[in-house]
Structures are given as structure tokens and as C-alpha cells.
Amino acid sequence: MARPRVHDLDRLLDAAERLVVERGAQGVTVRSLATAAEVPNGTIYHAFGSLGALLAHVWLRAASGFLDLQTELADQAEDPAAAVAAAADAPAAFAGRRPEAARLLITVKKEHLLGPQVPEDLAEDLLALDKRLVALLVRLAERLWGRRDAQAVEVLTTCVVDLPTALFRRAFTSGEPIPEDSRVRLAAAVHAILLLPPPRKD
């Protein structure tokens, strides 16, 4: 069997992304995915080796695209506080470009999607994504406060991860557009949090 073409792989990943969002990771099977993507079952195994590896690719593709956009938005901001607010708003911006990928990242827990079948090289790529996010948070903390300690990063984690998840989850779960009011309130909350410097460890 010839190796699937790139656009065929993208179609597989797109179909898997939709199924995960609609049914949850446990609801995706080789048969359901092959039917949705209109490919033979063997194409999935030939291209990715296993369903688990394919789902890892789905997460990796979505998270990579999101981090690329989040970093771009933060880098384009005029000042450090605006950079944090832009990074916090990134899920809403990403949803405008890739709605199903955005819903996947907000509504599906990574550990539910990834399992023991993830190949070692993919596991390393997934770990690298976590490091990219931490590096972004550290860079923002340095711009804001000239600090890179855990307390500073924790404050930014609240702004960039916790608040957007809380404010946007309902819209993502229902598949509705994120209300502009939620985005405005998120920006206000981020700027309010940044008024207080991070605590220092005794």
C-alpha cells in the first residue's frame, strides 16, 4: 500500500478532531474514524501505526497551532501587560481560525486523549509543547517584573490558562461563539491581577 498523501493525512486528522470534540476520546474507534474520513481502516494503521498515535498527532497539531498563535499575539503587543492579555485571549482568537481545534484543547483533557500507545518520539514532542508554554510564561514574567521564579509564573498561569478556561469553557462546550463580553471581562481581569506583583517565597 502506498503511503497516504499529505492532504489525506490532514483529512484523517480533521475527521479525528471532529469526532473527539463530538464524542470524546473514548468514542473514537478505527471504524468510526475510517467512516468519517472515507478511508479504509488500513490507511489509519499504515499512516500512524495505531489509533493512539493518531490521537496524539491530533493533540500535537492543535496545541502546536495554538501556541504558535499565542506567541505571535503576545509578541505583537505594545507593552507587557497587553502581551499577557493577548496571550490570555488566544483561545478566542484561535477559535476564530480553527474552531474544532480550539474546542478540543479547552474541552478535552489531554490525559483522556493520550494513552500508553503514544510513540516515544511523539511523547517527546508533547513534552516540548509544555516547555514552550512555560518558556512563554517565563518571558512574559521577565518583561513585566524582571523575574522568572515560580511565583511569577504561577500568577501568569492564572491569567493565561485558568481564567480563559473558566470564562470560555461554556461557549466551547456548547459549540457557540465566544461572547465579546467574556473577552472584554477576561482582559479586565488580567489587567487587574497584574496590578499586584507576585508574592516572593520566604
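Residues take their numbers from the sequence shown, with the count starting at 1. Scope of the values below: all heavy atoms of this structure, side chains included, with no hydrogens, waters or symmetry mates.
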Apply side chain to side chain contact (heavy atoms under 4.5 Å, CB included) to residues Leu54 and Leu33 and explain how you reach the verdict. CA-CA 10 Å; Leu54 185 149; Leu33 177 54; 3.7 Å; yes
Please, which pairs that meet side chain to side chain donor-acceptor pair (under 3.5 Å) have at least one residue in residues 83-93, sequence neighbours excluded?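 Pairs touching residues 83-93 that pass the test: Asp89-Arg183.
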For residues 161-173, pull every pair meeting side chain to side chain donor-acceptor pair (under 3.5 Å), keeping only residues two or more places apart or in separate chains.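 For residues 161-173, and leaving out neighbouring residues, there are no side chain to side chain donor-acceptor pair (under 3.5 Å) pairs at all.
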State, to 0.1 Å, how close [X] and [Y] come at their nearest heavy-atom pair, and which atoms those are.
X: Ala88; Y: Pro164; result: O-CG, 3.3 Å
X: Ile44; Y: Ala34; result: CD1-N, 3.9 Å
X: Ala83; Y: Arg143; result: CB-NH1, 3.6 Å
X: Ala102; Y: Pro91; result: CB-O, 4.2 Å
X: Pro80; Y: Leu144; result: CB-CD2, 3.7 Å

Pairing residues for [X] by the side-chain hydrogen bond (donor to acceptor under 3.5 Å, both in side chains) criterion, not counting sequence neighbours:
X: Asn41; answer: none
X: Asp14; answer: Arg61
X: Glu154; answer: none
X: Asp181; answer: Arg185

Side chain to side chain contact (heavy atoms under 4.5 Å, CB included), that's the test. Do Leu156 and Leu194 meet it? Break it down for me. CA-CA 8 Å; Leu156 291 185; Leu194 297 181; 3.9 Å; yes
Enter the distance from [X]:[atom1] to [Y]:[atom2] here, rounded to the nearest 0.5 Å.
X: Leu129; Y: Trp59; atom1: CG; atom2: CH2; answer: 9.5 Å
X: Leu55; Y: Ser50; atom1: CG; atom2: OG; answer: 8.5 Å
X: Trp145; Y: Leu140; atom1: CH2; atom2: CG; answer: 9.0 Å

Donor-acceptor contact present, side-chain Thr43 to main-chain Val39, <3.5 Å: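 Between the backbone of Val39 and the side chain of Thr43 there is no qualifying donor-acceptor contact (under 3.5 Å).
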Answer yes or no: is there a donor N or O on one side and an acceptor on the other, between the side chain of Arg147 and the main chain of Pro198, under 3.5 Å?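 Side chain of Arg147 to backbone of Pro198, a donor-acceptor pair under 3.5 Å: yes, one is there.
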List the steps and the verdict of side chain to side chain contact (heavy atoms under 4.5 Å, CB included) for Phe48 and Leu9. CA-CA 9 Å; Phe48 296 99; Leu9 298 183; 4.1 Å; yes
Filter on salt bridge (Lys or Arg N to Asp or Glu O under 4.0 Å), then keep only pairs touching residues 36-56, sequence neighbours left out; what's left?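 Listed by first then second residue: nothing to list.
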Please collect all salt bridge (Lys or Arg N to Asp or Glu O under 4.0 Å) contacts where either partner lies in residues 67-79, sequence neighbours excluded, each pair once.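 For residues 67-79: Asp68-Arg132, Asp75-Arg139.
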Can you find a heavy atom in the side chain of Val84 that is under 4.5 Å from one in the side chain of His191?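 The answer is no; the side chains never approach within 4.5 Å.
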For Phe66, enumerate each residue passing the ring-ring contact (aromatic ring centres under 6.0 Å, His included) test, keeping only those at least two apart in sequence or located in another chain.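 With sequence neighbours excluded, Phe66 shows a ring-ring contact (aromatic ring centres under 6.0 Å, His included) to Phe94, given in chain and number order.
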Side chains of Ser32 and Thr29 only: does a donor on one sit below 3.5 Å from an acceptor on the other?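 Note: Ser32 and Thr29 side chains meet the donor-acceptor criterion.
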For the pair Val134 and Asp130, evaluate side chain to side chain contact (heavy atoms under 4.5 Å, CB included) and give the outcome as yes or no after the intermediate values. CA-CA 6 Å; Val134 172; Asp130 293 338; 5.6 Å; no
Sequence neighbours left out, what passes side-chain contact (heavy atoms from CB on, under 4.5 Å) with Leu73? Give chain and number order.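 By the side-chain contact (heavy atoms from CB on, under 4.5 Å) rule, Leu73 matches Leu69, Gln76, Ala86, Ala90, Ala93.
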Candidate list Leu163, Thr107, Ile178, test side-chain contact (heavy atoms from CB on, under 4.5 Å), partner Phe168, passing option: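 Only match with Phe168 under side-chain contact (heavy atoms from CB on, under 4.5 Å): Ile178.
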List, one per line, each side-chain donor-acceptor pair under 3.5 Å for residues 16-28, sequence neighbours excluded.
none

Can you list the residues that meet the salt bridge (Lys or Arg N to Asp or Glu O under 4.0 Å) rule with Glu142, with sequence neighbours excluded?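 Partners of Glu142 under the salt bridge (Lys or Arg N to Asp or Glu O under 4.0 Å) test: Arg148.
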